[in-house]
Q: 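The following block contains the structure, expressed as structure tokens.
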Amino acid sequence: MNGKWEYRRLGLRKMVLILTICMVLVSISVLESEALDNDVARTPPMGWNSWNAFHGDINEVLIKEITDAMVSSGMKDAGYEYVILDDNWMANPARDAEGNLIADPVRFPSGIKALADYIHSKGLKIGIYGDRGTMTCMNIPESGSYGYEERDAKTYAAWGVDYLKYDNCNSAARSCISCDYETMRDALANSGRPIVYGICAWGFQNWMPEVGNLWRTTGDIVDKWDNGNDWFVGIINAIDINQRYASYAKPGAWNDPDMLEIGNGGCTTEEYRTQFSMWSMMAAPLIAGNDLRNMTQETKDILLNTEVIAVNQDHLGIQCVKVRDDGNEEVYVKPLSNGDYAVALLNRGEREATISVTAEEIGFSTLDGYGYLVRDLWQHNQFGSLEAFDADVPVHGTAMFRVSQVPVDQLPGYLEISSTSNQIVSSEEAFEFSTILNNSGVRDVEDVTISLRLPDGWSAVPLSDYAFTTIAVGHLVTAKWLITPALAADGFNDIEVTVSYSDEIGETVWYKGTRLTVIPPAGSVYISALEPVISTNGWGPIEKDLSNGEMGAGDGRIITLNGVQYNKGLGVHAPSEVVFNIDGQFETFISDVGIDDEVGNRGSVTFEVWGDNVKLWESGIVEATTPTKTVNVSVKGVRNLKLVVTDGKDGNPYDHADWAGARLLPPLEN
Ligand code: GLA
């Protein structure tokens, strides 16, 4: 009653005025909580940035080659769009007499406008790097935009720039960080060109979501899994930090845990898969940071996984939340625009782990007659489940799924594969390996076959059946093999189990990798544990248990030959000679040899093994694409063992050669 009376007393004109004020206030507060309204980056930006692979070593030939590779590799078709020049594109000093930014005349002789035209002509967009202070992080005189914001934004727009990464070094005296970023935001808005605005200020601050389209939540990423509490972050550190700000992500405004390291060689394939899965779950920008001109198939399989990219690019633009944390085992969920959910099961631990999730945890409410279609986004295959499912997740790996609620009669069957896991075997003894198939799905399956893919030089003899006519719901079968490892097998080795079956819905094939740790025969000694008496190397020092990083000691990466990683060995650079005094104590020298995957398709060398000045073995020319070779020679009575790598007679660029798993075996016991 009171309310009505008040209305009448105020009169119509006053009411309209008050309503108008309210509407303005409401719209201001809506605007304040909105993302930067520049109509770009409505889904997380995708592209490539020069920093992680090349640092300041960039020029227009390289950028054009990368642009071409972005198209020819299929990256463009998969959605990658921005080719971004990071620090050091500018001249030194960076401005002309009028104060305009100019490109380095030697490395970018055609200028940025011409480069932008080239990138645009390929159907891609160009990004560039600037800094809010007086100089960029590489301290190039006059390179900072402080006080030049309007001018620089207009320059970028005139060149055709589509994306600006704006860094935080050398801030001007008495400047304010949010003010500087706001000044450039406004300058970009005035520039007449829509430009994605990336704030790079190494940590989240509350004002960022309204000022930039993306903002770095972390210090700089490095090509490692875990870098502890350092300012430089590894993949797992970046995930942890970036997740703190999950609620701020929305279309046009994204948390940025820094660029991808996939393909740069410092992490395992599983770790890189985790980076791609989790960046996608977190709706983070997918900015590749590797050399796109030389990608292994494994790198392509990650960067070009369009099912995972679709989760990243989902129009709802919601960052995942962590729904469970069991210490090393974590479950993340991201709602998708069609009502599905993306689910990531992340294993931070040092052993394979089985991680489970229920439909309720994911966020579904139960519907009579409905179950869940679970699509594995790495295996590109699916199974049916009634309420929960689990996955065996490798060390530092992530299993990723898209889950939809569908009528039970549409669900395909499921054979869960579990193999002997976390097994430690000796390279000189055969061992038993078993695989259990458990029908945990909703229907019987038929025509089941199991096959194994073993590492090179390994062999298997079946000890049981490995094909089955039918496996009914709730039943399981076990298949067994006796496996003999290659004598040179070392460190981590993967056995891949392939299972195929059919049911009323269709045919299905699943792969399941199982990692074994192979230990050398008792009494053998890794070459990397010995001190050489002579060692010469083409670039930098010979690396122990790492590839050759070319510069200082310890700058190499995990030794990797044709996708296989070794935790022991020598990483050398041709021409190289290393001599060990072994005093006639050993019987056999064993090693895998090849050019490390880190140099892509380049490099060519020969490997030689010498004993007391007699050549015992020679590989012939080994190129990057040559399958891994194994040397297994007698060194009985040898006092001086010499390992030689020549440049393959074509000069030594990119000749990163590995003596992978190299070791000496003791005399055989009688
Ligand atoms: C800072 C940024 C990096 C990179 C370098 C360039 O460290 O955080 O991403 O742009 O500067 O100097």
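All values below were derived from every heavy atom in this structure, side-chain atoms included, with hydrogens, water molecules and symmetry-related copies excluded. Ligands are counted one by one from 1 in listed order, and the atoms in each one are counted from 1 as well.
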Q: Classify the ring geometry of Trp202 against Trp231: parallel below 30°, tilted from 30° to 60°, perpendicular beyond 60°.
A: perpendicular
Q: Among all protein heavy atoms, pick the one closest to atom 9 (O) of ligand 1 and tell me residue, atom and distance.
A: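 Of the protein heavy atoms, Lys165 NZ, 2.7 Å lies nearest.
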Q: Cation-pi between Arg95 and Tyr148: NZ/CZ under 6.0 Å from ring centre and within 45° of the ring axis?
A: yes
Q: Below 4.0 Å, non-hydrogen atoms only: which portion of Cys169 touches ligand 1? Side chain, backbone, both or neither.
A: neither
Q: Show which atoms of ligand 1 fall inside a sub-4.0 Å distance from at least one heavy-atom site of Cys200.
A: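 So the answer, numbered in order with elements, is 2 (C), 8 (O).
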Q: Any idea which heavy atoms bring Asn237 and Asp226 closest together, and the distance?
A: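 Closest approach of Asn237 to Asp226: ND2-OD1, 2.9 Å.
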Q: What pair of heavy atoms forms the shortest contact from Pro194 to Val40, and how long is it?
A: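 Heavy atoms only, the tightest pair is CB-CG1, 3.7 Å.
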Q: Which atoms of ligand 1 have any heavy atom of Arg216 under 4.0 Å away?
A: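 In order of numbering, the contacting atoms are 8 (O), 9 (O).
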Q: Distance to 0.1 Å, residue and atom name: give those for the protein heavy atom nearest to atom 4 (C) of ligand 1.
A: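 It is Asp86 OD1, 3.4 Å.
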Q: In terms of relative ring orientation, are Tyr181 and Tyr166 parallel, tilted or perpendicular, with 30° and 60° separating the classes?
A: perpendicular
Q: Under a plain distance cut-off of 3.5 Å, with no hydrogens placed, do Ser145 and Asp152 share a side-chain donor-acceptor pair?
A: yes
Q: Parallel, tilted or perpendicular: which describes the rings of Tyr163 and Tyr82, with under 30° parallel and over 60° perpendicular?
A: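 The rings of Tyr163 and Tyr82 sit tilted, inter-plane angle from 30° to 60°.
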Q: Backbone, side chain, both or neither: what part of His55 comes under 4.0 angstrom of ligand 1, heavy atoms only?
A: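 Under 4.0 Å from ligand 1, His55 contributes no heavy atoms.
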Q: Under 4.0 Å from a heavy atom of Tyr129: which atoms of ligand 1 are those, numbered in the order shown and with their elements?
A: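 Counting from 1, the qualifying ligand atoms are 6 (C), 10 (O), 11 (O), 12 (O).
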Q: Quick one: nearest non-hydrogen protein atom to atom 11 (O) of ligand 1, plus distance?
A: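 For atom 11 (O) of ligand 1, the nearest protein heavy atom comes out as Asp167 OD2, 2.8 Å.
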Q: Answer yes or no: is there a donor N or O on one side and an acceptor on the other, between the side chain of Asp87 and the main chain of Gly56, under 3.5 Å?
A: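 Here the side-chain-to-backbone pair does not exist.
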Q: What are the atoms of ligand 1, with element, lying closer than 4.0 Å to any heavy atom of Cys137?
A: 1 (C), 11 (O), 12 (O)
Q: Give the residue, atom name and distance (to 0.1 Å) of the protein heavy atom nearest atom 12 (O) of ligand 1.
A: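 Result: Asp87 OD2, 2.7 Å.
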Q: Under 4.0 Å from any heavy atom of Trp202, which atoms of ligand 1 are there?
A: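 This gives 2 (C), 8 (O) as the contact atoms.
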Q: Compare Asn168, Ile140, Asp220 and give the one whose heavy atom is closest to atom 3 (C) of ligand 1.
A: Asp220
